[in-house]
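What follows is a structure written as structure tokens; I'll ask about it next.
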Amino acid sequence: MTLLTVDDLSVSLDTAQGRAQAVRDLSFDLGPGDTLGIVGESGCGKTMSALAILGLLPDNAVTTGAIRLNDRDLLNCTEAEWCDIRGNQIAMIFQEPMTSLNPVHPIGRQIMEGMFLHRALSKAQALEETIRLLETVGIQNAAERLKHYPHQLSGGQRQRVMIAIALANQPRLLIADEPTTAVDVTIQKQILGLINKLIDEFDMGLVLISHDLGVIAKLVERVIVMYGGVAVETGSVETIFSDPAHPYTCGLLSAIPRIDRSTHSRHKRLPTIPGVVPDLVDMPAGCTFSDRCSLATDTCRTVPPVPVVLSSHHQVACYHLDRARAQWQTGPR
Amino acid sequence: MSDKRLPGNTLASHKAGRTVASAPASIWRRTLEHRSFLAGSILTSLLAGMALLSLFWTPHNPTRINIRQRLASPSLEHWLGTDQFGRDILSIIMTGAQNSIMVGVVAVGIGLLFGVMLGLIAASAKGWVEELIMRVCDFMYAFPVILLAIMLVATLGSGAINAILAIGIFAIPTFARLARASANAIWSREFVLAAQAAGKSAIRITWEHILPNIVSVIVVQATVEFALAVLAEAALSYLGIGSQPPTPSWGRMLSEVQTLVFLNPWLAVYPGAAIAMTVLGLNLLGDGLRDVLDPRLVYKR
Amino acid sequence: MNRPESNNTLALEVIDLCKTYVLPRDNLFRPARSVKAVAGVSFQIKAGQSLGLVGESGCGKSTLARLIMGLEIPTSGTVRISGSDIGRLSRKELQPLRRKFQIVFQDPFGSLDPRQTVSQIVAEPLEALETAPRTQIRTRVIAALDDVGLKNSDAAKYPHEFSGGQRQRIAIARALVTRPGLIIADEPVSALDVSVQAQILNLLQDLRDEYALTYLLISHNLAVVEHFCDNVAVMHNGIFVEYGLTSQIFQKPSHSYTKTLLDAVLPTPSHS
Amino acid sequence: MKFFLIKRLSTFAATLFAATLLTFFALEILPGDPALVILGVDAPDSAVAALREQLGLNRPVTERYIDWISHFLRGELGVSYTYSVPVSELLRERLAITIPLALMAMALSVVIAFSLGIYAATHHNRHGDVLVMGVSQLGISIPNFWLALMLILLFAVNLGWFASGGFPGWYAGWWPALKALILPAIALATVQGAILARFTRSATLETMREDYVRTARAKGLNRRQTLWRHVLRNAMISVVTVMGLQFANLLAGTIVVESVFALPGIGRLILQSIANRDVVVVRDIVTLLVAMVVIINLVVDLLYALIDPRLRSSDV
């Protein structure tokens with residue numbers, strides 16, 4: 001049984017500069033309790049994919065394909081049906097805990113709001129549950145804290161409150177969009193630990209969106225690498241990080257400086273990917289990575305590659321994956 | 001990095017403060033496509049053209065009294081008819097445009113010059129200087145323009161000059177606040193820090209970085225203030241404390257015909273419509289300019 | 001990996017630097033509270049070396065950068081750049097010295113004036129510092145653009161026509177144009193995409209080798225600092241809790257805060 | 001909060017004090033001797049001197065200022081030179097017209113502004129929005145006294161629903177009195193409402209783009225619930241500020257519109273007093289009007305603190 005099925009999802013946005021193809025033919029599925037990471041750089045379509053699953057795309061977005069939650073087709077839902085699903089079956093944690101909380105309401109009220117919306121609770125029950133929830137996400141003096149306003153909390157505490165809001169109705173699916181980008185590393189560790197603990201405890205499916213490979217590796221089992229709106233490589237965390245096959249994935253992995261406590265990499269040059277992330281309005285006709293890829297041929301530039309199944313957990317959309325893998329094996333590291 | 005750079009209206013990076021536009025080519029395209037800008041410029045040029053024309057030619061002498069022709073209906077000779085003294089209404093309205101433009105230019109000039117200067121000083125000096133300038137501006141806000149004009153007129157006597165002065169003084173705090181707020185926003189940007197790190201003085205930074213970046217906001221505000229000045233002058237003249245006879249003025253026309261509106265309503269319609277069209281044109285122009293010059297700059301009235 | 005040191009002169013010496021901010025009063029009848037952003041920091045960077053400054057948000061690292069740049073006046077302490085105490089100099093006296101140290105900021109979108117062309121932006125430190133003839137300024141701007149991998153034709157463009165990485169190159173060109181010895185880089189890559197971050201880090205390295213630059217690299221990313229710097233200072237609550245050779249600190253952190261910080265870094269699985 | 005209050009109250013007091021200084025000394029240099037005004041130019045010098053003595057005009061300026069301000073604070077206003085009645089009495093009659101008029105206009109403009117502004121914002125870029133914005137653009141451009149004239153033409157002259165001006169007095173019953181204020185209030189409220197409507201729209205639109213609005217939608221709130229619970233209160237923070245600043249303009253507008261409708265309010269009184277060189281009256285009215293503006297702005301600031309918890313707490 002699957003919890004979430006995304007089938008050939010495409011999202012485009014009508015902008016003043018033209019039509020931007022934000023997501024192209026994205027497909028994946030997720031069982032209950034599964035964890036999936038979507039990794040990529042700015043403009044790769046990862047946030048748009050998440051917002052599509054939540055039905056919160058901007059008004060100028062056009063969506064095709066299918067998203068099914070427990071076999072219910074979400075894209076054909078009415079607004080009222082969406083409202084019933086959001087915050088109840090699917091919940092989301094956003095990137096900026098600073099601006100994602102309403103500054104004029106106390107946090108307790110912001111958490112309870114979602115509870116009252118989806119469940120028939122008495123005020124006392126909701127209050128009790130909110131206190132328990134705040135304790136679950138690791139906020140001390142919960143009964144006192146829920147009267148506080150967002151500006152009275154630290155960044156880490158605010159993100160904990162955001163998580164509490166997401167968990168208010170024990171959703172089946174949690175989407176986390178860059179949940180730790182705005183916080184310090186020590187807080188990041190705590191927040192990731194908390195999310196990890198909670199998805200086990202609540203048995204939720206998780207879709208984690210991040211540009212940070214470290215965050216992805218810490219939380220999820222399966223990864224989709226997106227580039228220019230396209231899933232270029234899909235696989236288990238171990239496969240993607242140790243045996244990547246797409247030239248972009250390989251390039252990305254080798255471009256990250258990492259702390260290696262045994263050897264010194266200092267003064268060594270990092271391998272780089274030349275060029276810049278493409279403009280969504282003006283995408284290469286073939287493979288989206290073709291204009292930055294050293295292996296690109298004319299076919300790459302004109303015909304988009306179809307994903308090749310390498311193993312049950314590994315799919316790559318590249319014509320030259322054998323050469324890319326060979327290069328990676330003998331690579332600079 | 002998130003997907004913030006994605007285009008799209010609700011998720012677009014409206015607070016990222018990134019410059020998306022202002023390339024010369026796109027400015028022209030936006031200008032031509034902007035309907036309210038076009039409408040505003042047409043109305044405003046009409047006003048300016050009318051004033052200019054009246055300097056050389058009007059159908060009749062706007063001040064010549066002709067009792068036999070009084071309250072004439074529109075005719076070939078008098079397109080809009082005549083008033084209670086037999087003066088040609090079209091000619092008065094045309095000449096009245098001069099008055100409105102003069103008031104607007106001088107009053108906005110006073111407000112712009114002193115206001116922007118004070119605002120820039122406040123933003124670059126910070127500390128108690130900023131506090132002082134802003135408190136004085138707050139204080140001036142407590143005096144509505146009419147009240148200020150009334151006081152000036154009470155002390156210095158009636159007359160166009162005092163009215164213009166009052167309107168101009170009233171515009172100072174608006175420009176000062178706007179200039180300070182926009183200048184502060186620019187001062188907090190890193191390129192100003194870079195200029196400071198390069199060793200540039202506050203005056204040079206203000207001149208080279210701050211002013212060019214806030215000029216579009218100021219221009220937009222100037223058109224809006226121009227409109228407000230025209231309105232205020234009309235109101236003051238209507239009350240009899242603005243421009244004095246025989247200078248033709250739309251506001252005074254309205255007060256002169258007030259008792260006659262029951263006989264000939266059109267007498268009241270023309271000058272009012274002239275004021276409304278002028279103000280509308282300037283407001284539309286300001287709105288258009290705001291979008292055309294810089295779509296990202298936040299503006300407050 | 002230690003490169004031979006060209007000489008033993010100090011590019012930057014900071015002695016017991018303090019900066020205290022007085023907070024706005026929230027109670028008339030109590031003394032105003034103050035906060036020590038930088039509470040007694042001392043370090044030195046030898047010419048040609050790179051010091052990495054790590055710490056979490058609010059630890060005082062940006063204030064320290066501003067103090068060194070002479071953008072803020074320290075409450076106490078000394079900043080010596082190439083031997084001159086910049087705190088003792090007047091604005092006029094400091095002016096000619098400024099060409100010796102430049103800064104690169106974090107935000108490639110905010111650090112360039114949108115109303116100026118690339119050549120105006122890059123020429124700014126030159127114009128502010130000396131009265132060089134126009135043609136000479138032009139030549140040096142082109143040279144600086146060339147150093148960072150931008151084309152001659154880019155000089156007439158405006159910042160918004162560039163991507164984030166290219167904008168950061170423009171910012172680096174502006175810092176380079178006076179041929180400084182010391183560059184303070186305040187989070188130079190943290191706003192960039194991973195694939196572009198590597199390009200910029202490499203560029204900074206190449207420039208170091210070519211012009212024997214000294215860097216003070218401020219970053220919250222420990223991996224970047226480990227990759228780039230000879231020495232590291234770990235800052236916490238306005239003071240250095242640990243300061244020393246990168247290899248030593250990353251292998252055997254002695255302060256508990258450094259340990260916490262290092263433990264919090266997520267290991268990126270790499271192929272072995 | 002306490003600190004905020006103290007700070008706000010002290011600026012309030014300082015503004016008022018500065019306003020009295022400015023008004024008093026500005027009117028001091030007023031040409032024309034009040035004694036001559038009262039007695040006429042032909043009056044014998046001795047009589048003028050006696051009256052000056054009686055009015056206290058030959059005392060030092062500072063002394064007279066202190067005298068005036070201390071009486072003003074106790075609510076003891078002077079005696080009008082021309083009307084020979086206490087100013088407080090004059091004011092009571094006149095304020096009974098001006099204050100209800102201003103309040104009616106304010107209430108009306110807020111109703112217009114909020115309904116149109118919120119409607120336009122929620123129908124952003126659709127026909128309704130364009131229409132509302134067009135109409136409000138027109139509303140801003142019309143001079144209020146001209147609109148007043150046009151309203152008289154239409155509703156009083158042509159339709160005969162209202163009187164063309166004048167005020168029957170409150171003793172004539174509340175309905176006839178109120179009826180006389182309806183057209184003036186509409187004339188005032190149209191312009192104010194149009195300005196405020198545009199502002200409400202842009203503030204609402206701005207707030208609708210905030211991240212916390214997306215959070216609210218992600219909780220499952222529908223657009224309407226999000227608007228009422230999360231958008232409006234935040235949008236009001238800036239709208240309320242503008243409302244306060246608008247109040248000064250509203251008072252100014254009242255002066256003009258009273259003149260169109262021949263309403264014996266404060267506006268008419270001040271114009272007459274200037275014509276009559278009646279310093280005592282002008283001084284007290286100007287001070288009173290300024291005080292009203294400043295008090296409204298104080299109220300706005302306090303309202304602000306009520307809406308925005310960031311201002312209320314002490315740890316900001």
Side-chain angles (χ1 to χ4, degrees), chain A residues 39-44 155 180 182-190 192 211-219 227 237-238 240-244 248 250-277 279 292 328-329 331 333, chain C residues 1-3 50 52 54-59 149 162-166 189-203 205-206 208-209 219-230 236 246-247 249-253 257 260-272:
Chain A
V39 68
E41 297 177 291
S42 59
C44 74
T180 55
V183 296
D184 282 322
V185 277
T186 48
I187 309 290
Q188 165 169 297
K189 195 185 174 193
Q190 298 167 7
L192 293 180
H211 70 281
D212 190 331
L213 296 166
V215 172
I216 294 280
K218 169 109 185 162
L219 280 189
Y227 185 83
V237 167
E238 296 79 31
I240 294 288
F241 287 134
S242 61
D243 187 21
Y248 173 66
C250 300
L252 196 64
L253 282 170
S254 45
I256 309 166
R258 40 190 102 211
I259 298 177
D260 198 340
R261 297 194 193 182
S262 51
T263 59
H264 278 288
S265 59
R266 243 178 338 288
H267 305 311
K268 228 191 250 173
R269 289 175 61 91
L270 286 166
T272 62
I273 307 173
V276 294
V277 179
D279 186 352
R292 295 176 75 184
W328 172 258
Q329 304 297 346
R333 279 162 193 254
Chain C
M1 275 318 296
N2 282 335
R3 295 174 310 159
S50 300
V54 295
E56 297 184 293
S57 52
C59 73
F162 296 88
S163 69
Q166 284 173 308
V189 292
S190 58
L192 302 176
D193 279 319
V194 182
S195 65
V196 178
Q197 165 179 310
Q199 296 171 8
I200 298 296
L201 284 176
N202 282 347
L203 172 66
Q205 259 176 19
D206 293 345
R208 172 167 66 191
D209 295 341
S219 181
H220 68 275
N221 187 334
L222 277 80
V224 166
V225 168
E226 201 262 359
H227 170 80
F228 195 86
C229 301
D230 308 287
H236 186 54
T246 307
S247 46
I249 289 180
F250 278 77
Q251 276 170 44
K252 286 199 199 78
Y257 179 71
T260 319
L261 214 53
L262 275 169
D263 283 344
V265 174
L266 299 168
T268 312
S270 68
H271 85 122
S272 39

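Below, all heavy atoms of this structure are taken into account, side chains as well, without hydrogens, waters or symmetry copies. Bear in mind the structure is a predicted one, so any value in this text is a computation, not a measurement.
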request  = Check C:Ser195 against A:Arg292 and note the closest heavy-atom contact, atom names and distance.
outcome  =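 That closest heavy-atom pairing would be OG-NH2, 3.0 Å.
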
query = Which heavy-atom pair separates A:Pro271 from C:Ala198 by the least distance, and what is that distance?
reply =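 Nearest pair, atom of A:Pro271 first, then C:Ala198: O-CB, 3.9 Å.
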
ask   = Side chain of C:Asn202, backbone of A:Leu270: donor and acceptor closer than 3.5 Å?
value =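 Answer holds: yes.
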
Toward chain A, the part of C:Leu201 with a non-hydrogen atom under 4.5 Å =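 Contact with chain A involves the side chain of C:Leu201 alone.
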
query = Taking C:Gln199 for the side chain and A:Gly275 for the main chain, is one N or O donor matched with an acceptor at less than 3.5 Å?
reply =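 Yes; at least one donor-acceptor contact below 3.5 Å.
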
query = Of the listed residues (A:Leu192, A:Leu252, A:Thr186), which shares the most heavy-atom pairs with chain C below a 4.5 Å separation?
reply =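 Top option by heavy-atom pairs under 4.5 Å: A:Thr186.
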
message = Show the nearest heavy-atom pair for residues A:Lys189 and C:Ala264, with the distance to one decimal.
response =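 Heavy-atom minimum between the residues: CD-CA, 3.7 Å.
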
request  = Against chain C, label A:Val183 side chain, backbone, both or neither, depending on which of its atoms sit under 4.5 Å from a heavy atom there.
outcome  =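 Looking at A:Val183, nothing touches chain C.
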
message = Need one label for C:Val194: side chain, backbone, both or neither, based on atoms under 4.5 Å from any heavy atom in chain A.
response =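 Both backbone and side chain.
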
